[in-house]
Amino acid sequence: PEHSSARIERFLTLCAEDNMYVCYPTTPSQYFHLLRRQILNYIEKPLIVFTPKSLLRLPAARSPINEFTEGGYKLVIDDETINDAKNVKRILLTSGKVFYNLLTHKEINEITDTAIVRIEQYYPFPEKEIKAIIKKYSNATEIFWVQEEPENMGAWNFMFPKLLKLADKKHTIKYIGRKESPSPAPGSSKMYQKNQDILVNNEFK
């Protein structure tokens, strides 16, 4: 199961003093604008990009033409399905392909009190953008960090202290994901899918 070199936590431990970019784009247009930003950036610094293969053929991971020709790279993407921010009681912060699993579950079960927010750039940390979203959902009392990786891997240990600084006393910050493990994957597709279903269901409880 030790098949991947995309160990987010290892790159994040190297981040300090704005020395690099660590990003996780979830759409083709985001990837395009990320590369464009890197080329046009007047300060050259390393760019680490996480791009899961499963999104290459995922119909939901598509971008209309206008998203390529307009705008730029979004550090954080808010939940576009929310009609009334006052109804939101829970904020799910996540990144990467697990977003699409969460979105599908939310749509099928017609959940309206949960906002799914994508963190598209880990570092430099988008503090201003995340703070604005937390302020927008003023009635939310729960902030969950959702990841596919085990608890001792992924971005949780990087995100947690930063979220503590941004959250208010009314907020409960919680980790949702797999338990600690010496391996990033179970080594069994059936076990992976079982754990994935449990993970997604736990987000909305």
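Because only heavy atoms are used, hydrogens play no part in the values below, and waters and symmetry mates are left out as well, while side chains stay in.
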key: Audit row: Trp145, Tyr175, ring-ring contact (aromatic ring centres under 6.0 Å, His included) steps and yes/no   = CA-CA 5 Å; Trp145 172 255; Tyr175 162 81; 8.9 Å; no
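- No hydrogens or angles considered: a donor-acceptor pair under 3.5 Å links the side chains of Thr26 and Glu120.
- Under a 3.5 Å cut-off, the side chain of Gln121 and the backbone N or O of Pro126 do not form any donor-acceptor pair.
- Remark: the backbone N or O of Lys106 is not paired with any side-chain donor or acceptor of Asn109 at under 3.5 angstrom.
- Defined by atom type and a distance below 3.5 Å, a donor-acceptor pair is missing between the side-chain atoms of Arg118 and Ser95.
- Annotation: cation-pi geometry not satisfied between Arg36 and Phe68 (NZ/CZ under 6.0 angstrom from ring centroid, within 45° of ring axis).
- Asn152 places a side-chain N or O within donor-acceptor distance of the main-chain N or O of Ser181, the cut-off being under 3.5 Å.
- Ring geometry, Phe50 versus Phe11: the interplanar angle exceeds 60°, so the pair is classed perpendicular (tilted spans 30 to 60°).
- Stacking of Lys97 on the aromatic ring of Phe99 is not recorded, the 6.0 Å distance cut-off and the 45° axial limit not both being met.
- Using modelled atom types, no side-chain atom of Asp168 and backbone atom of Lys135 make a donor-acceptor pair closer than 3.5 Å.
- For Lys89 and Thr114, the side-chain atoms include no donor-acceptor pair closer than 3.5 Å.
- Put simply, the side chain of Asp79 gets close to the backbone of Thr81: a donor and an acceptor are under 3.5 Å apart.
- Looking only at atom types and distance, the side chain of Tyr137 has no donor-acceptor partner in the side chain of Asn87 under 3.5 Å away.
- Glu180 places no side-chain N or O within donor-acceptor distance of the main-chain N or O of Pro150, the cut-off being under 3.5 Å.
- Looking at Tyr21 and Asn41, their side chains do bring a donor and an acceptor atom within 3.5 Å of each other.
- Distance alone, capped at 3.5 Å, is enough to place a donor-acceptor pair between the His33 side chain and the Glu67 backbone.
- More than 12 heavy atoms of other residues, nucleotides or ligands sit less than 6.0 Å from atom NZ of Lys170.
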